[in-house]
Amino acid sequence: MPHRTQPARVSVGDLSEKLARIAEDCDWTALEALCDQHILAVEGELANRLLFVLSQVPDEELRARPRLMFSWIGAYHAIKQPHVSELRPYLRHYTELGARLAATMDIAGETSAATLVTVGTAAMIGLRMRGASAEAEELGERLTARAARLGALPGADAEPRPGWLAMQRGLTRSLMDDFPGAVELYRQAYERATAEPETAATALNAAANLAMIFGHLGHGDLARQWLDRMRGFESPSERVRFLLTVGGTIARGWDALDRYDEASLADCLATTGDGTRQLEVWPFVAALSFAHGLCFGDTALSLAQLGTLPLSHAPELVGQGTAFRVIRRAHVDLLIATGQATRALRLIKETDPKGSWLTLPAARLRLLNGEYEAVRAMAARTSWHETTSRRDARPMLLLKAVAALRMGDDAEARKSLVLVRRVRPPDEVLSLAALPPADRDEVIRLGELPLTDAAARRLARARPVFPDRVELVELTNREQVVLAELDAGLTIGEVARKLVVSVNTVRTQVKSAYRKLNASSREGALMRAYELGVL
């Protein structure tokens, strides 16, 4: 095995004494090793002492030891922001330094794994915060490859926080909506971090984010397993505990929502906020917050909040990856809940009509519009597709059972409910609460779906989430184009010339659109189209 240079370990309790000796000896190599090991544990008076020692480091030594620059930023903000209630100044300072240093760092020629990872991950975070997640992951791959080569060299220095690079790459993949890739990287981070007793922060963070991903996807049993593993690690300081464990709080929130435990869910959201805070995992917080609004809150108010969320984050962050899907899915669900079915359908068609992540709300629209055969076909096609989350698979199978029951096909309904029993734990309430109340009891009875006593009580108190029926107006693409031209003030003849079709063809399309909109005039049709969200 190649020999690695391992700095002597120092306990947190000995830091003050060690700092005093370092300052007296001007031993900046020892200071660098000390900061690598304990910077996340520094707070209060210890942060003041560290900042004092760092201020004595000569400029040329700081330039030669970039990790000390990051330690200076960490100590400074530990004093200025002891409770990390406002992260923007720290993150801006930290990522700007990372970007500046990374711009001049030769990754292929860097000989220090510690410097490579420290500078590189700061640059990655900066790229993510600007919405350049793909670029951040490309940088992460290059850093990983170089760190692996350095690790095989005799005498190479060890990474100060094993698993930290994989952890940051996992977060990048999480925000890119690549959950399989994220899970694999988080697992790597956890395994590497647990090999070193001093790297509890990385292990804790990785376990929390794994719980978050599994909770988000509806794998409650796996989420609870990672929540249990979190309990085996202590946060290095109270100051950073929230950042390291917020993923676990999100996972507990999903567990509470699945059980319809409103009080526990509210407690989790009181900690995480509603998705407007400057957290990198804010899309996962927002998903939980909007699910709370859909099930327990004022859906109209949640729709209004949906419009303010993008104002809290950079447009580049809101318009891609997990954030885009969370916001768009919440918008569709809330539109259905408030009876705006045509707007919801239009949004689905404009976004990704064939995407499995929108199949559940699309199927719900068809059920509420009485299109039972369409629901069965959609469920058969996507319930077990590899891209369909467990969170969506349960209600999708239940919608298929309801559609079969309404068609009088009890045998087909039973087949779906047999599958539901395999993926739904007895204490889960959420998927049943979202069913039309008139169908819920029959589904439970026919499928012999198990319910704990607590689940039965919560289900009995659940209010209807979606309306019993909706008014769904679906125009063809050409009908919509013609209607839009009429709205622009064109005559039927002018529309025909613009679209290069006959006047009779346009008249036929206009009549069809009027009939679907239940209107007899241009004014009435346009008013109705805007009311329903067709235009």
Side-chain angles (χ1 to χ4, degrees), residues 4-7 9 32-42 66-71 73-74 90-91 94-95 97-99 101-102 105 107 110 112-129 133 136-151 156-175 181-210 212 229-230 233-237 239-241 243-247 279-281:
R4 295 189 181 190
T5 303
Q6 290 281 6
R9 293 294 181 180
E32 195 172 37
L34 192 74
C35 290
D36 286 345
Q37 184 181 352
H38 290 299
I39 189 59
L40 292 180
V42 171
R67 290 171 358 240
L68 289 181
M69 299 184 196
F70 287 102
S71 299
I73 292 172
Y90 167 70
L91 288 174
Y94 173 76
T95 57
L97 175 61
L101 293 175
M105 183 173 71
I107 293 178
E110 178 59 55
S112 167
T115 298
L116 182 84
V117 172
T118 301
V119 174
T121 53
M124 284 175 61
I125 295 169
L127 288 169
R128 283 202 307 260
M129 291 176 62
S133 292
E137 174 55 6
E138 187 273 334
L139 173 59
E141 290 175 346
R142 291 167 57 206
L143 293 169
T144 300
R146 180 56 182 167
R149 284 194 289 271
L150 286 174
D157 65 338
E159 290 183 36
R161 280 179 281 172
W164 179 246
L165 177 54
M167 171 67 214
Q168 289 301 322
R169 289 186 61 198
L171 183 50
T172 304
R173 293 292 187 96
S174 298
L175 298 174
V183 166
E184 175 61 27
L185 286 162
Y186 286 143
R187 288 184 186 276
Q188 289 179 22
Y190 180 84
E191 289 167 3
R192 294 201 62 197
T194 51
E196 293 278 350
E198 293 84 3
T199 54
T202 301
L204 179 61
N205 202 180
N209 283 12
L210 280 162
M212 176 186 73
R229 293 192 187 190
M230 283 178 62
F233 300 94
E234 292 294 331
S235 173
S237 71
R239 183 176 66 89
V240 298
R241 181 170 180 79
L243 293 179
L244 297 176
T245 62
V246 64
L279 301 171
E280 286 211 85
V281 295

Quick check for you: to the nearest 0.5 Å, what is the distance between I73 atom CD1 and L97 atom CG? 4.5 Å
Mind listing the closest non-hydrogen atom pair of V119 and A102 along with its distance? CG1-N, 3.6 Å
Set of residues satisfying side chain to side chain contact (heavy atoms under 4.5 Å, CB included) with respect to S235, sequence neighbours excluded: L204, V240, R241, L244
Please report the interatomic distance CZ(R67) to CG(L116), rounded to the nearest 0.5 Å. 10.5 Å
Side-chain heavy-atom pair P66, T118 within 4.5 angstrom cut-off: no
Distance-minimising heavy-atom pair for G163 and A189: O-CB, 3.2 Å
4.5 Å side-chain heavy-atom contact, F70 and L101: yes
With distance as the sole test, does Y186 use its side chain to make a donor-acceptor pair with the main-chain N or O of L171 at under 3.5 Å? yes
Nearest heavy atoms of A123 and L139, plus distance in Å: CB-CD2, 3.8 Å
Quick check: closest heavy atoms across A203 and A193, and the distance to 0.1 Å? N-CB, 3.5 Å
Nearest heavy-atom pair of A182 and S174: which atoms, and what distance? CB-OG, 3.4 Å
Closest heavy-atom pair and its distance - P162, R192: CB-O, 3.8 Å
R161 and V117, any side-chain heavy atoms less than 4.5 Å apart: no
Test of understanding: with side-chain hydrogen bond (donor to acceptor under 3.5 Å, both in side chains), list the residues that count as partners of E137, not counting sequence neighbours. R169, R173
Output yes when E110 and R146 qualify as a salt bridge under the 4.0 Å nitrogen-oxygen rule, no when they do not. no
What's the separation between atom CG in L210 and atom OH in Y190, rounded to the nearest 0.5 Å? 9.5 Å
Do side-chain atoms of R128 reach the backbone of Q168 as a donor and acceptor pair under 3.5 angstrom? yes
If you round to the nearest 0.5 Å, how far is CG of L68 from CD1 of I39? 9.5 Å
Among L243, T172, L175, V246, side-chain contact (heavy atoms from CB on, under 4.5 Å) partner for E280: L175
Taking the side chain as everything from C-beta on, heavy atoms only, tell me whether M124 gets closer than 4.5 Å to L143. yes
Would you check if T95 and L127 make a side-chain contact, meaning some heavy-atom pair closer than 4.5 Å? no
